[in-house]
Amino acid sequence: MDHFPTNWGRPRNDAFDAYGTYPISQRPYNGPTTDAFSDGIQHTQQPIVTGTSVLAIKYKDGIMMAADNLASYGSLARFKDIQRLHPVGNNTVIGAGGDMSDFQYIQALLDQLMIEEFTEQDGHSLGPSEIHEYLSHVMYSRRSKMDPLWNSLIVGGFKDEKRFLSYVDLLGTTYSASTLATGYGSYIAQPLLRKAVEGNEDVLTEDEAVKILEQSMKVLFYRDARSLNKYQIAKITADGVSVSESRSVETHWSFAEGIRGYGAQTQ
Amino acid sequence: MFRNTYDSDNTVFSPQGRLHQVEYALEAVKQGSAAVGLRSKTHSILLALKRSTGELASYQQKMFRIDDHVGIAIAGLTSDARVLSNFMRQQAMSSKMAFNRPIPVNRLVSAIADKAQVNTQEYGRRPYGVGFLVIGQDQSGPHLYEFSPSGNSYEYYAMSIGARSQSAKTYLEKHYESFADCSLEDLIQHGLHALRETLQQDKDLNVNNTSIGIVGAPSTHEKTTGVSFRILEGETIQPFLDTMVPKDAPAPAAAPAASTDEDVQMAE
C-alpha cells in the first residue's frame with residue numbers, strides 16, 4: 001500500500017505521464033515487490049516445542065502458581081527439566097504455556113526491561129500490573145503483525161499490599177480472576193480451582209493453597225497426555241518471590257489394568 | 001554588545017571554561033515573570049505571576065497541566081515552553097500507554113533536562129530560553145523540581161524562578177523548615193507571600209495576575225474532590241488572597257509559623 005496520497009492519482013513524474021492515464025496497476029511502484037526476501041518470510045503458524053498448563057490462585061498471603069517441567073515436541077516428551085515459571089523483578093512471576101522458544105524470547109525481553117528500569121536508580125520499579133500491561137501490548141502488536149508469540153501467559157504478583165493475577169495470550173486477550181489456568185488446565189483444573197478458592201481468597205493459608213495446586217496438578221497428570229509428574233510451585237507474597245524445587249505427587253495407575261476398549265490388550 | 005568573542009556559538013568554551021550562550025539562556029529565564037513552588041509532606045504547589053502586555057491584552061498563561069499528576073509553571077520564552085510541555089505530555093502518555101503507570105516525576109524532568117543538554121553541546125543549536133518549576137505526585141510522594149536551560153535539574157523543598165525571584169527565594173529560605181508539616185492553606189499563604197516579594201513597588205497580587213497550581217487533596221476553598229493537578233485562576237483564588245497578611249502590617253500570622261514550626265490556623 002502506498003501511503004502517500006499525492007501518489008495515488010498520478011505517476012511520480014508528470015513529464016512521463018502528464019494526464020495521469022497510465023494504468024495504476026502497471027505503475028512501477030505498484031508492481032510486484034522483487035525484494036530478495038519478499039517471498040522468503042514465513043511467520044509462526046504453529047508452536048513447535050510446547051509447554052502445557054499453568055495454574056495460579058490467589059490466597060491469603062499473595063499469589064501461588066504451578067507449572068510442570070515438561071517441554072513437548074509434538075507428543076514426544078522432549079525436555080523434562082524446563083522451568084516455566086519465571087520471576088521478573090522482586091514482585092512478579094510469569095508462567096507460560098505454548099511455544100517455549102517464544103517464552104524464552106519473552107523472558108529475555110522482560111529481563112532487559114527490568115535492567116533498564118533498575119539502571120534508572122530512582123526507587124521506582126515495575127510491578128506485576130505494569131508488566132502485565134506491557135506484555136499485553138507486546139502480544140497484541142505481534143498478533144497484529146500476523147506473527148504472534150504463541151503463548152498463553154499468567155502474570156502473578158504482589159506489590160504495595162495488593163495481589164495481582166492476570167492472563168494474556170497470543171491474541172493479546174487479557175482477563176483476571178482469583179483463579180487462572182492455561183491450556184488443558186483451563187478445562188480440567190479451572191473448575192476444581194474455582195470450587196476451592198472462590199470466596200476463600202482471604203482465608204486460604206499457604207499450606208491449603210499448596211494442597212489445592214497439588215491436587216489439581218495430580219488430576220492434570222492423570223488426564224493431560226502432555227503433562228509430567230514433575231512440577232514447581234511459585235509463591236509471591238509481601239516477602240517477595242520464591243520458586244520451589246521440582247516436586248511430584250503420588251499417583252496410582254493400577255486402575256488402568258481394568259480399562260478395556262483401546263490400547264494393547266487383546267481381549 | 002558582545003561580552004567577548006566566545007559567545008556567538010554555544011558549543012565553544014570561553015577561556016574561563018564557560019558557555020556564554022547557555023548563560024544568556026539562563027538570563028532569558030530571569031526576564032520572565034516569577035514562579036514559586038513549595039512542597040509539604042502531602043502537597044506540592046506552584047504560584048505564578050501572570051503578565052499582560054497592556055490594558056487590551058490578556059494575561060500570558062504561566063502554568064500547564066502535563067498529566068493528572070504533573071504540572072509546570074514557566075518563566076522565559078512561552079513558545080519554547082510549549083515545545084517542552086508538549087514533549088512532557090507525550091512522555092506521560094507513553095508511560096500510561098505502555099505500563100498503565102503515571103510517569104515518575106523525576107524521569108519526566110530528567111527527560112527534558114537531557115533534551116536541553118543536547119542543545120548546549122551540538123553545533124547549530126540554541127539552548128531553550130525557558131525554565132520550569134515542575135510539581136507532581138508519584139509513588140514516592142509529592143515532588144518539586146526546577147528545570148533550567150543549562151540541562152540541570154534539581155529537587156527542592158521550595159524554589160522560585162523568573163524576574164526578581166531572589167526576593168522570593170529569600171522569603172522561602174527564611175521559612176522553608178516549616179513547609180513540610182504545613183496544611184495546604186498555609187502552604188499557599190507562604191507561596192503568596194513569597195510571590196508578593198517579586199512584585200514591583202506599587203503592584204499587588206490579584207485574581208487576574210495570579211495562578212495557583214496544586215497537586216494533593218483539595219482545600220476547603222476548592223470545589224473539586226480530586227487530588228490531581230489543577231490550576232486555580234480568577235475568582236477561585238480570592239479566598240486564598242484573603243488569607244494574605246498585609247505587607248506593611250507586622251505579619252502576625254506568618255511570623256509564628258516561622259518561629260514555632262506550628263501550623264497557622266486560617267480563618268474560613
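Quick note on labels: first sequence line is chain A, next is B, and so on, each numbered from 1.
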Does atom [atom1] of [X] have more than 12 heavy-atom neighbours, drawn from other residues, nucleotides or ligands, at distances under 6.0 Å?
X        : atom1 : result
A:Asp61  : CG    : yes
B:Tyr156 : OH    : yes
B:Phe87  : CZ    : yes

### Query
What are the residues of residues 155-176 of chain A, in order of number, with any heavy atom under 4.5 angstrom from a heavy atom of chain B?
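From residues 155-176 of chain A, the residues near chain B are A:Lys159, A:Asp160.
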
### Message
Salt bridge check, B:Arg107 against A:Glu117: does any charged N sit closer than 4.0 Å to a carboxylate O?
### Response
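A salt bridge is present here (some side-chain N lies under 4.0 Å from a carboxylate O).
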
### Task
Look up atom NE2 in A:His132 and atom CG in B:Asn100, then write down how far apart they are to the nearest 0.5 Å.
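So the NE2 of A:His132 and the CG of B:Asn100 are separated by 11.0 Å.
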
### Query
Roughly how far apart are A:His124 NE2 and B:Ile103 CD1, rounded to 0.5 Å?
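That separation rounds to 10.0 Å.
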
### Task
Compare every heavy atom of A:Glu133 with every heavy atom of B:Met97, then report the nearest pair and how far apart it is.
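Looking at all heavy atoms of both residues, the shortest contact is O-OE2, 3.8 Å.
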
### Task
Looking only at non-hydrogen atoms, find the nearest pair between B:Arg101 and A:Ser125 and report the distance.
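Closest approach of B:Arg101 to A:Ser125: NH1-O, 3.7 Å.
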
